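These notes are about the structure you will find just below.
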Number of protein chains: 2
Amino acid sequence: MVPNQAHSRYHHGDLRNALIQAATTVLVEKGAAALSLREVARVAGVSHAAPYRHFRDKAALLRVLAQGGFERLTAALNRAAENSPHNPEQKLIEAGVAYVRIVVQHPEITRLMFAGTVEPQQDPAYLAATAACYEALLDIIRQGIAQGTFRQRPPQQLVLVAWASMHGLAMLAVARLLEVDVDDELTLDVLIRSVAANVIYGIVK
Amino acid sequence: MVPNQAHSRYHHGDLRNALIQAATTVLVEKGAAALSLREVARVAGVSHAAPYRHFRDKAALLRVLAQGGFERLTAALNRAAENSPHNPEQKLIEAGVAYVRIVVQHPEITRLMFAGTVEPQQDPAYLAATAACYEALLDIIRQGIAQGTFRQRPPQQLVLVAWASMHGLAMLAVARLLEVDVDDELTLDVLIRSVAANVIYGIVK
DNA sequence: CGACTATGTAGACACTGTCTACATATCTAT
DNA sequence: ATAGATATGTAGACAGTGTCTACATAGTCG
(Lines give C-alpha, C1' and ligand atoms only; values in the text may rest on other atoms or scores of the structure.)
Protein backbone atom coordinates (compact mmCIF):
# COMPACT_ATOMS: atom_id res chain seq x y z
CA MET A 1 0.00 0.00 0.00
CA VAL A 2 2.60 2.51 1.05
CA PRO A 3 4.92 3.05 -1.87
CA ASN A 4 8.63 2.77 -1.30
CA GLN A 5 9.75 6.38 -1.13
CA ALA A 6 13.31 5.63 -2.19
CA HIS A 7 12.46 4.88 -5.80
CA SER A 8 8.81 5.85 -5.99
CA ARG A 9 8.46 7.20 -9.50
CA TYR A 10 4.77 7.55 -10.10
CA HIS A 11 3.27 9.68 -12.79
CA HIS A 12 5.13 12.76 -11.80
CA GLY A 13 7.57 11.38 -9.33
CA ASP A 14 7.37 13.24 -6.06
CA LEU A 15 4.53 15.62 -6.68
CA ARG A 16 3.74 16.25 -3.05
CA ASN A 17 7.13 17.78 -2.37
CA ALA A 18 7.14 19.47 -5.74
CA LEU A 19 3.89 21.18 -4.80
CA ILE A 20 5.28 22.30 -1.45
CA GLN A 21 8.32 23.68 -3.23
CA ALA A 22 6.21 25.41 -5.86
CA ALA A 23 3.90 26.89 -3.22
CA THR A 24 6.87 28.24 -1.30
CA THR A 25 8.26 29.83 -4.42
CA VAL A 26 4.96 31.46 -5.32
CA LEU A 27 4.41 32.63 -1.75
CA VAL A 28 7.84 34.20 -1.45
CA GLU A 29 7.98 35.71 -4.90
CA LYS A 30 4.40 36.83 -5.46
CA GLY A 31 2.87 37.02 -1.99
CA ALA A 32 0.03 35.27 -0.24
CA ALA A 33 -2.62 37.00 -2.35
CA ALA A 34 -1.26 35.38 -5.51
CA LEU A 35 -0.98 31.94 -3.98
CA SER A 36 -3.73 29.84 -5.52
CA LEU A 37 -3.81 26.09 -5.77
CA ARG A 38 -4.15 26.38 -9.53
CA GLU A 39 -1.10 28.61 -9.78
CA VAL A 40 0.86 26.16 -7.66
CA ALA A 41 -0.24 23.31 -9.91
CA ARG A 42 0.75 25.37 -12.94
CA VAL A 43 4.22 26.03 -11.53
CA ALA A 44 4.61 22.36 -10.72
CA GLY A 45 3.52 21.51 -14.25
CA VAL A 46 0.46 19.44 -13.39
CA SER A 47 -3.25 19.82 -13.87
CA HIS A 48 -5.30 22.03 -11.59
CA ALA A 49 -6.88 19.10 -9.79
CA ALA A 50 -3.70 17.11 -9.19
CA PRO A 51 -2.94 18.76 -5.81
CA TYR A 52 -6.12 17.21 -4.42
CA ARG A 53 -4.45 13.81 -4.54
CA HIS A 54 -1.96 15.04 -1.93
CA PHE A 55 -3.76 17.70 0.07
CA ARG A 56 -7.35 17.61 1.20
CA ASP A 57 -7.76 21.29 0.39
CA LYS A 58 -5.84 24.52 0.06
CA ALA A 59 -5.70 24.98 3.83
CA ALA A 60 -3.92 21.66 4.19
CA LEU A 61 -1.13 22.80 1.87
CA LEU A 62 -0.80 26.08 3.73
CA ARG A 63 -0.62 24.22 7.02
CA VAL A 64 2.31 22.21 5.72
CA LEU A 65 4.10 25.42 4.76
CA ALA A 66 3.44 26.90 8.19
CA GLN A 67 4.66 23.72 9.85
CA GLY A 68 7.88 23.97 7.87
CA GLY A 69 8.25 27.49 9.16
CA PHE A 70 8.00 26.32 12.75
CA GLU A 71 10.55 23.60 12.12
CA ARG A 72 13.00 26.09 10.64
CA LEU A 73 12.38 28.45 13.54
CA THR A 74 12.99 25.71 16.09
CA ALA A 75 16.19 24.71 14.35
CA ALA A 76 17.41 28.31 14.37
CA LEU A 77 16.66 28.66 18.08
CA ASN A 78 18.52 25.48 18.93
CA ARG A 79 21.47 26.51 16.79
CA ALA A 80 21.62 29.87 18.51
CA ALA A 81 21.54 28.20 21.90
CA GLU A 82 24.50 26.03 21.01
CA ASN A 83 26.68 29.07 20.53
CA SER A 84 26.88 29.81 24.25
CA PRO A 85 26.29 26.48 25.97
CA HIS A 86 26.96 27.68 29.49
CA ASN A 87 25.61 31.22 29.45
CA PRO A 88 21.79 31.31 29.60
CA GLU A 89 21.64 35.07 29.41
CA GLN A 90 23.68 35.16 26.22
CA LYS A 91 21.72 32.18 24.97
CA LEU A 92 18.46 34.04 25.40
CA ILE A 93 19.73 37.07 23.56
CA GLU A 94 21.09 34.97 20.71
CA ALA A 95 17.80 33.11 20.50
CA GLY A 96 15.94 36.40 20.36
CA VAL A 97 18.15 37.65 17.58
CA ALA A 98 17.65 34.41 15.66
CA TYR A 99 13.91 34.51 16.20
CA VAL A 100 13.40 38.00 14.87
CA ARG A 101 15.84 37.43 12.06
CA ILE A 102 14.13 34.29 10.82
CA VAL A 103 10.69 35.84 11.09
CA VAL A 104 11.67 39.00 9.28
CA GLN A 105 13.50 37.09 6.57
CA HIS A 106 10.36 35.09 5.76
CA PRO A 107 7.48 37.48 6.29
CA GLU A 108 4.94 35.65 4.15
CA ILE A 109 5.50 32.33 5.86
CA THR A 110 5.44 34.09 9.20
CA ARG A 111 1.98 35.41 8.43
CA LEU A 112 0.85 31.89 7.67
CA MET A 113 2.31 30.68 10.94
CA PHE A 114 0.79 33.31 13.16
CA ALA A 115 -2.19 34.72 11.30
CA GLY A 116 -4.45 32.31 13.10
CA THR A 117 -5.96 31.16 9.82
CA VAL A 118 -4.71 27.63 10.36
CA GLU A 119 -6.40 25.77 13.18
CA PRO A 120 -3.69 23.88 15.05
CA GLN A 121 -6.14 21.57 16.85
CA GLN A 122 -6.73 19.42 13.78
CA ASP A 123 -3.22 18.37 12.81
CA PRO A 124 -1.03 16.51 15.34
CA ALA A 125 2.15 17.02 13.30
CA TYR A 126 1.49 20.73 13.14
CA LEU A 127 0.87 20.88 16.85
CA ALA A 128 4.09 19.00 17.51
CA ALA A 129 6.04 21.50 15.41
CA THR A 130 4.72 24.46 17.40
CA ALA A 131 5.33 22.64 20.67
CA ALA A 132 8.93 21.92 19.69
CA CYS A 133 9.46 25.60 19.05
CA TYR A 134 8.11 26.43 22.47
CA GLU A 135 10.28 23.74 24.04
CA ALA A 136 13.42 25.19 22.50
CA LEU A 137 12.82 28.44 24.33
CA LEU A 138 11.74 26.64 27.46
CA ASP A 139 15.02 24.75 27.58
CA ILE A 140 16.96 27.98 27.71
CA ILE A 141 14.74 29.37 30.45
CA ARG A 142 14.99 26.20 32.50
CA GLN A 143 18.75 26.26 32.36
CA GLY A 144 18.81 29.89 33.40
CA ILE A 145 16.61 29.17 36.38
CA ALA A 146 18.61 26.10 37.34
CA GLN A 147 21.88 28.05 37.20
CA GLY A 148 20.37 30.86 39.26
CA THR A 149 20.90 33.38 36.49
CA PHE A 150 17.17 33.99 36.02
CA ARG A 151 14.52 34.70 38.60
CA GLN A 152 13.21 31.74 40.51
CA ARG A 153 9.77 31.68 38.93
CA PRO A 154 7.73 29.04 37.14
CA PRO A 155 9.52 28.53 33.82
CA GLN A 156 6.25 28.87 31.93
CA GLN A 157 5.96 32.37 33.28
CA LEU A 158 9.42 33.44 32.18
CA VAL A 159 9.24 31.79 28.80
CA LEU A 160 6.00 33.61 28.16
CA VAL A 161 7.69 36.95 28.71
CA ALA A 162 10.63 36.08 26.50
CA TRP A 163 8.50 34.59 23.75
CA ALA A 164 5.98 37.41 23.79
CA SER A 165 8.68 40.07 23.59
CA MET A 166 10.58 38.48 20.75
CA HIS A 167 7.43 37.59 18.94
CA GLY A 168 5.94 41.03 19.36
CA LEU A 169 9.04 42.75 18.06
CA ALA A 170 9.16 40.43 15.10
CA MET A 171 5.50 40.88 14.26
CA LEU A 172 5.67 44.65 14.52
CA ALA A 173 8.63 44.60 12.19
CA VAL A 174 6.88 42.34 9.71
CA ALA A 175 3.75 44.51 9.81
CA ARG A 176 6.03 47.50 9.11
CA LEU A 177 4.70 49.34 12.11
CA LEU A 178 8.19 50.20 13.26
CA GLU A 179 9.90 53.12 11.66
CA VAL A 180 12.68 50.77 10.75
CA ASP A 181 13.81 49.29 7.51
CA VAL A 182 13.64 45.57 8.15
CA ASP A 183 16.32 45.08 5.54
CA ASP A 184 18.71 47.23 7.57
CA GLU A 185 20.40 44.36 9.36
CA LEU A 186 22.51 46.54 11.62
CA THR A 187 19.68 48.65 13.02
CA LEU A 188 17.54 45.57 13.39
CA ASP A 189 20.24 43.86 15.38
CA VAL A 190 20.50 46.82 17.72
CA LEU A 191 16.74 46.82 18.20
CA ILE A 192 16.60 43.13 18.95
CA ARG A 193 19.43 43.29 21.45
CA SER A 194 17.80 46.30 23.05
CA VAL A 195 14.54 44.46 23.57
CA ALA A 196 16.29 41.28 24.66
CA ALA A 197 18.38 43.15 27.17
CA ASN A 198 15.37 45.01 28.48
CA VAL A 199 13.47 41.80 28.85
CA ILE A 200 16.28 40.54 30.98
CA TYR A 201 17.02 43.60 33.01
CA GLY A 202 13.61 45.24 33.01
CA ILE A 203 12.44 48.73 32.43
CA VAL A 204 12.38 50.01 35.98
CA LYS A 205 15.74 51.20 37.12
CA MET B 1 -27.78 67.51 2.16
CA VAL B 2 -27.87 64.01 3.49
CA PRO B 3 -31.43 62.74 3.61
CA ASN B 4 -32.60 61.71 7.05
CA GLN B 5 -34.16 58.52 5.83
CA ALA B 6 -32.64 56.21 3.31
CA HIS B 7 -35.96 55.23 1.82
CA SER B 8 -35.18 55.99 -1.77
CA ARG B 9 -34.91 52.59 -3.37
CA TYR B 10 -32.16 53.56 -5.72
CA HIS B 11 -29.81 55.83 -3.77
CA HIS B 12 -29.00 54.47 -0.38
CA GLY B 13 -28.02 57.72 1.31
CA ASP B 14 -25.19 56.53 3.53
CA LEU B 15 -23.94 53.48 1.75
CA ARG B 16 -20.32 53.98 2.63
CA ASN B 17 -20.96 53.61 6.35
CA ALA B 18 -23.49 50.89 5.74
CA LEU B 19 -20.84 48.92 3.88
CA ILE B 20 -18.34 49.38 6.68
CA GLN B 21 -20.95 48.20 9.14
CA ALA B 22 -21.88 45.24 6.98
CA ALA B 23 -18.25 44.27 6.46
CA THR B 24 -17.61 44.39 10.19
CA THR B 25 -20.61 42.17 10.82
CA VAL B 26 -19.54 39.63 8.23
CA LEU B 27 -15.95 39.68 9.45
CA VAL B 28 -16.90 39.11 13.07
CA GLU B 29 -19.63 36.57 12.48
CA LYS B 30 -18.26 34.55 9.59
CA GLY B 31 -14.52 35.23 9.59
CA ALA B 32 -12.11 36.77 7.14
CA ALA B 33 -12.38 33.87 4.70
CA ALA B 34 -16.08 34.57 4.17
CA LEU B 35 -15.61 38.30 3.75
CA SER B 36 -16.16 39.05 0.08
CA LEU B 37 -17.17 42.35 -1.40
CA ARG B 38 -20.18 40.71 -2.94
CA GLU B 39 -21.29 39.29 0.38
CA VAL B 40 -20.87 42.71 1.97
CA ALA B 41 -22.96 44.27 -0.78
CA ARG B 42 -25.56 41.57 -0.30
CA VAL B 43 -25.77 42.25 3.45
CA ALA B 44 -26.06 45.96 2.77
CA GLY B 45 -28.80 45.23 0.27
CA VAL B 46 -27.15 46.71 -2.81
CA SER B 47 -25.78 45.35 -6.05
CA HIS B 48 -22.40 43.67 -6.23
CA ALA B 49 -20.77 46.62 -7.97
CA ALA B 50 -22.12 49.34 -5.71
CA PRO B 51 -19.18 49.21 -3.25
CA TYR B 52 -16.87 50.38 -6.02
CA ARG B 53 -18.50 53.82 -5.82
CA HIS B 54 -17.09 54.17 -2.30
CA PHE B 55 -13.95 52.05 -2.20
CA ARG B 56 -11.39 51.71 -4.89
CA ASP B 57 -11.09 47.99 -4.28
CA LYS B 58 -11.53 45.36 -1.61
CA ALA B 59 -8.24 46.27 0.05
CA ALA B 60 -9.46 49.83 0.57
CA LEU B 61 -12.46 48.60 2.54
CA LEU B 62 -10.28 46.34 4.65
CA ARG B 63 -7.92 49.20 5.34
CA VAL B 64 -10.80 51.25 6.71
CA LEU B 65 -11.74 48.39 9.02
CA ALA B 66 -8.15 48.08 10.21
CA GLN B 67 -7.95 51.82 10.77
CA GLY B 68 -11.07 51.64 12.93
CA GLY B 69 -9.35 48.93 14.94
CA PHE B 70 -6.37 51.18 15.61
CA GLU B 71 -8.65 54.01 16.66
CA ARG B 72 -10.48 51.78 19.11
CA LEU B 73 -7.18 50.48 20.44
CA THR B 74 -5.83 54.00 20.93
CA ALA B 75 -8.99 55.02 22.75
CA ALA B 76 -8.73 52.02 25.06
CA LEU B 77 -5.09 52.80 25.86
CA ASN B 78 -5.87 56.41 26.69
CA ARG B 79 -8.83 55.39 28.81
CA ALA B 80 -6.67 52.92 30.72
CA ALA B 81 -4.05 55.59 31.30
CA GLU B 82 -6.60 57.94 32.80
CA ASN B 83 -7.33 55.49 35.59
CA SER B 84 -4.03 56.13 37.34
CA PRO B 85 -2.99 59.61 36.30
CA HIS B 86 0.04 59.86 38.56
CA ASN B 87 1.37 56.34 38.59
CA PRO B 88 3.22 55.48 35.36
CA GLU B 89 3.92 51.94 36.48
CA GLN B 90 0.26 51.21 37.13
CA LYS B 91 -0.59 53.06 33.96
CA LEU B 92 1.65 50.78 31.92
CA ILE B 93 0.11 47.67 33.42
CA GLU B 94 -3.42 48.92 32.85
CA ALA B 95 -2.54 49.82 29.28
CA GLY B 96 -1.10 46.36 28.73
CA VAL B 97 -4.23 44.74 30.08
CA ALA B 98 -6.39 46.93 27.86
CA TYR B 99 -4.22 46.20 24.82
CA VAL B 100 -4.39 42.46 25.10
CA ARG B 101 -8.06 42.53 26.02
CA ILE B 102 -9.05 44.59 23.00
CA VAL B 103 -6.94 42.53 20.66
CA VAL B 104 -8.27 39.24 21.94
CA GLN B 105 -11.86 40.45 21.89
CA HIS B 106 -11.60 41.30 18.19
CA PRO B 107 -9.32 38.68 16.71
CA GLU B 108 -10.44 39.05 13.11
CA ILE B 109 -9.93 42.79 13.05
CA THR B 110 -6.61 42.32 14.82
CA ARG B 111 -5.47 40.08 12.01
CA LEU B 112 -6.36 42.78 9.53
CA MET B 113 -4.44 45.32 11.56
CA PHE B 114 -1.25 43.34 11.96
CA ALA B 115 -1.23 40.76 9.20
CA GLY B 116 0.82 43.09 7.03
CA THR B 117 -1.60 42.64 4.14
CA VAL B 118 -2.48 46.33 4.20
CA GLU B 119 0.32 48.61 3.10
CA PRO B 120 0.34 51.60 5.45
CA GLN B 121 2.49 53.75 3.17
CA GLN B 122 -0.37 54.56 0.84
CA ASP B 123 -3.01 55.95 3.15
CA PRO B 124 -2.19 59.01 5.34
CA ALA B 125 -5.29 58.55 7.52
CA TYR B 126 -4.32 54.98 8.17
CA LEU B 127 -0.79 55.98 9.03
CA ALA B 128 -2.08 58.64 11.41
CA ALA B 129 -4.23 56.05 13.19
CA THR B 130 -1.27 53.75 13.79
CA ALA B 131 0.90 56.66 14.87
CA ALA B 132 -1.71 57.79 17.40
CA CYS B 133 -1.71 54.32 18.90
CA TYR B 134 2.06 54.44 19.24
CA GLU B 135 1.86 57.92 20.76
CA ALA B 136 -0.57 56.76 23.43
CA LEU B 137 2.00 54.29 24.69
CA LEU B 138 4.82 56.78 24.25
CA ASP B 139 3.05 59.26 26.50
CA ILE B 140 3.00 56.78 29.35
CA ILE B 141 6.66 55.96 28.89
CA ARG B 142 7.66 59.62 28.73
CA GLN B 143 5.87 60.35 31.98
CA GLY B 144 7.53 57.39 33.66
CA ILE B 145 10.95 58.58 32.56
CA ALA B 146 10.24 62.16 33.58
CA GLN B 147 9.10 61.06 37.04
CA GLY B 148 12.15 58.86 37.42
CA THR B 149 10.06 55.72 37.77
CA PHE B 150 11.45 54.20 34.58
CA ARG B 151 15.03 53.83 33.46
CA GLN B 152 16.62 56.89 31.97
CA ARG B 153 16.75 55.66 28.41
CA PRO B 154 15.53 57.00 25.09
CA PRO B 155 11.73 56.73 25.28
CA GLN B 156 11.61 55.04 21.88
CA GLN B 157 13.68 52.25 23.31
CA LEU B 158 11.42 51.65 26.29
CA VAL B 159 8.20 51.98 24.35
CA LEU B 160 9.48 49.37 21.94
CA VAL B 161 9.94 46.90 24.75
CA ALA B 162 6.52 47.57 26.21
CA TRP B 163 4.76 47.52 22.87
CA ALA B 164 6.53 44.40 21.67
CA SER B 165 5.74 42.50 24.85
CA MET B 166 2.07 43.40 24.95
CA HIS B 167 1.71 42.89 21.26
CA GLY B 168 3.49 39.56 21.30
CA LEU B 169 1.35 38.24 24.12
CA ALA B 170 -1.79 39.39 22.36
CA MET B 171 -0.77 37.86 19.02
CA LEU B 172 0.19 34.54 20.57
CA ALA B 173 -3.17 34.45 22.29
CA VAL B 174 -5.03 35.25 19.09
CA ALA B 175 -3.06 32.63 17.18
CA ARG B 176 -4.02 30.14 19.93
CA LEU B 177 -0.41 29.20 20.49
CA LEU B 178 -0.78 29.60 24.23
CA GLU B 179 -2.31 26.75 26.13
CA VAL B 180 -4.87 29.18 27.40
CA ASP B 181 -8.51 29.68 26.68
CA VAL B 182 -8.69 33.26 25.49
CA ASP B 183 -12.26 33.40 26.70
CA ASP B 184 -11.12 32.69 30.23
CA GLU B 185 -10.93 36.28 31.37
CA LEU B 186 -9.45 35.51 34.75
CA THR B 187 -6.51 33.44 33.52
CA LEU B 188 -5.90 35.93 30.76
CA ASP B 189 -5.74 38.77 33.22
CA VAL B 190 -3.20 36.92 35.32
CA LEU B 191 -1.10 36.26 32.21
CA ILE B 192 -1.20 39.86 31.11
CA ARG B 193 -0.25 41.19 34.50
CA SER B 194 2.50 38.63 34.70
CA VAL B 195 4.03 39.78 31.43
CA ALA B 196 3.50 43.43 32.25
CA ALA B 197 5.14 43.04 35.63
CA ASN B 198 8.02 41.12 34.13
CA VAL B 199 8.52 43.76 31.50
CA ILE B 200 8.83 46.25 34.29
CA TYR B 201 10.90 44.30 36.73
CA GLY B 202 12.86 42.11 34.39
CA ILE B 203 13.62 38.43 34.32
CA VAL B 204 17.03 38.44 35.95
CA LYS B 205 16.84 38.40 39.71
C1' DC C 1 -36.27 73.33 -16.85
C1' DG C 2 -31.95 71.01 -18.32
C1' DA C 3 -27.22 69.67 -17.73
C1' DC C 4 -23.89 67.81 -14.65
C1' DT C 5 -22.32 64.79 -11.30
C1' DA C 6 -22.83 61.27 -7.84
C1' DT C 7 -24.52 57.00 -7.05
C1' DG C 8 -26.52 52.35 -8.06
C1' DT C 9 -27.38 48.31 -11.48
C1' DA C 10 -26.66 44.53 -14.84
C1' DG C 11 -23.68 41.96 -17.41
C1' DA C 12 -19.34 40.25 -18.63
C1' DC C 13 -14.59 38.47 -17.94
C1' DA C 14 -10.97 35.84 -16.10
C1' DC C 15 -9.95 33.66 -12.18
C1' DT C 16 -10.58 30.69 -7.97
C1' DG C 17 -11.59 26.19 -4.87
C1' DT C 18 -13.54 22.02 -5.21
C1' DC C 19 -16.36 18.21 -7.04
C1' DT C 20 -17.11 14.27 -10.37
C1' DA C 21 -16.07 11.14 -14.00
C1' DC C 22 -12.55 9.34 -16.46
C1' DA C 23 -7.57 7.85 -17.69
C1' DT C 24 -3.18 5.83 -16.71
C1' DA C 25 0.78 4.28 -14.12
C1' DT C 26 2.47 1.32 -10.48
C1' DC C 27 1.85 -2.46 -6.92
C1' DT C 28 0.36 -7.05 -5.42
C1' DA C 29 -1.25 -11.57 -5.70
C1' DT C 30 -1.68 -15.21 -8.30
C1' DA D 1 3.42 -12.45 -16.60
C1' DT D 2 -0.73 -11.21 -16.07
C1' DA D 3 -4.84 -9.36 -14.03
C1' DG D 4 -7.09 -6.75 -10.94
C1' DA D 5 -6.59 -3.26 -7.37
C1' DT D 6 -4.84 0.96 -6.08
C1' DA D 7 -2.48 5.29 -6.42
C1' DT D 8 -2.00 9.08 -9.06
C1' DG D 9 -3.08 12.58 -12.78
C1' DT D 10 -6.54 14.90 -16.19
C1' DA D 11 -10.58 17.28 -18.13
C1' DG D 12 -14.76 19.42 -17.36
C1' DA D 13 -18.14 21.52 -14.67
C1' DC D 14 -20.04 24.45 -10.99
C1' DA D 15 -20.75 28.23 -7.99
C1' DG D 16 -18.41 31.95 -6.25
C1' DT D 17 -15.06 35.91 -6.52
C1' DG D 18 -12.82 40.83 -7.81
C1' DT D 19 -13.17 44.11 -11.01
C1' DC D 20 -14.25 46.31 -15.47
C1' DT D 21 -17.66 48.57 -18.73
C1' DA D 22 -22.00 50.32 -20.23
C1' DC D 23 -26.13 51.90 -18.70
C1' DA D 24 -29.87 53.86 -15.37
C1' DT D 25 -31.39 56.90 -11.98
C1' DA D 26 -31.25 60.46 -8.48
C1' DG D 27 -29.81 64.74 -6.44
C1' DT D 28 -27.56 69.42 -7.34
C1' DC D 29 -27.34 73.75 -9.35
C1' DG D 30 -27.02 76.93 -13.37
Side-chain angles (χ1 to χ4, degrees), chain A residues 1-23 25-27 29-66 108 112 115 117-119 122, chain B residues 1-23 26-27 29-66 112 115 117-119 122:
Chain A
M1 309 303 182
V2 176
N4 189 345
Q5 298 178 339
H7 47 75
S8 77
R9 291 270 168 89
Y10 276 52
H11 301 169
H12 175 280
D14 191 12
L15 183 53
R16 188 188 150 89
N17 284 327
L19 288 171
I20 294 173
Q21 177 58 47
T25 303
V26 172
L27 185 60
E29 291 184 358
K30 300 184 181 175
L35 195 163
S36 70
L37 267 191
R38 294 173 100 110
E39 171 71 5
V40 169
R42 232 170 274 135
V43 170
V46 293
S47 80
H48 67 267
Y52 285 85
R53 298 292 170 196
H54 300 274
F55 303 96
R56 185 154 53 136
D57 51 18
K58 186 183 180 184
L61 210 198
L62 296 185
R63 212 177 318 134
V64 170
L65 294 192
E108 296 290 352
L112 270 187
T117 12
V118 285
E119 285 292 336
Q122 307 281 355
Chain B
M1 271 305 173
V2 176
N4 222 353
Q5 297 256 2
H7 271 187
S8 58
R9 276 261 179 279
Y10 206 90
H11 281 22
H12 182 283
D14 191 17
L15 183 54
R16 187 188 151 89
N17 284 326
L19 288 170
I20 294 172
Q21 177 57 47
V26 172
L27 184 60
E29 292 185 357
K30 299 184 181 174
L35 196 164
S36 70
L37 267 191
R38 294 173 101 109
E39 171 71 5
V40 169
R42 231 170 275 135
V43 170
V46 292
S47 80
H48 68 266
Y52 286 86
R53 298 295 169 192
H54 301 274
F55 303 96
R56 189 155 49 140
D57 52 18
K58 186 183 180 183
L61 210 198
L62 297 185
R63 213 178 315 134
V64 170
L65 294 191
L112 271 186
T117 10
V118 285
E119 285 291 336
Q122 307 281 355

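Letters A, B, ... mirror the listed sequences (proteins, then strands); counts begin at 1. Quick note: numbers below take in every heavy atom, side chains included, and nothing from hydrogens, waters or symmetry partners. This is a predicted model, so every value here is computed, not measured.
As a whole-Å value, the separation of B:Lys58 NZ from D:dG18 P is 5 Å. Taking atom NZ of A:Lys30 as the reference point, atom C1' of C:dC15 lies 14 Å away to the nearest angstrom. Rounding to whole angstrom units, CG of residue B:Asp57 and P of D:dC20 are separated by 8 Å. At whole-Å resolution of the value, CG in B:Leu15 and P in D:dA26 are 16 Å apart. We find that CZ of B:Arg42 is positioned 14 Å from P of D:dA15, with the value rounded to whole Å. Regarding B:Glu39, its CD atom lies at a distance of 7 Å from the P atom of D:dT17, rounded to whole Å. When the P atom of D:dT8 is taken as reference, atom CG of A:Asp14 falls 10 Å away, rounded to whole Å. With rounding to whole Å, A:Leu37 atom CG is found 14 Å from D:dG9 atom P.
Among C:dT18, C:dA12, C:dG8, the nucleotide with an atom closest to any side-chain atom of B:His48 is C:dA12. Residue B:Tyr52 places its side chain closer to D:dT19 than to any other of C:dG8, C:dT18, D:dT19. Here C:dG8 is the nucleotide among D:dT10, C:dG8, C:dA12 with the atom lying nearest to any side-chain atom of B:Arg53. For A:Arg38, the side-chain atoms get nearest to C:dT18 when compared with the rest of C:dT18, D:dT8, C:dT9. In this structure, of C:dT16, D:dT19, D:dG9, it is D:dG9 that holds the atom nearest to the side chain of A:His54. Listed nucleotides D:dT10, C:dT9, C:dA12 differ in distance to A:Ala49; the shortest reach to its side chain belongs to D:dT10.
The CG atom of A:Asp14 sits 8.5 Å away from atom CD1 of A:Ile20, with the distance rounded to the nearest 0.5 Å. Here OG of A:Ser47 is found 9.0 Å from CZ of A:Arg53. Values are rounded to the nearest 0.5 Å.
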Decide yes or no on side chain to side chain contact (heavy atoms under 4.5 Å, CB included) for B:His54 and B:Leu15, but give the supporting numbers first.
-> CA-CA 8 Å; B:His54 301 274; B:Leu15 183 54; 3.7 Å; yes
Please assess B:Arg16 against B:Val64 for the test side chain to side chain contact (heavy atoms under 4.5 Å, CB included), listing each intermediate value before the final yes or no.
-> CA-CA 11 Å; B:Arg16 187 188 151 89; B:Val64 170; 4.0 Å; yes
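Proximity of A:Ser36 to the phosphate of C:dT16: a side-chain N or O atom is located under 4.0 Å from OP1 or OP2.
Residues A:Val40 and A:Lys58 fail the side-chain proximity criterion, which asks for heavy atoms closer than 4.5 Å.
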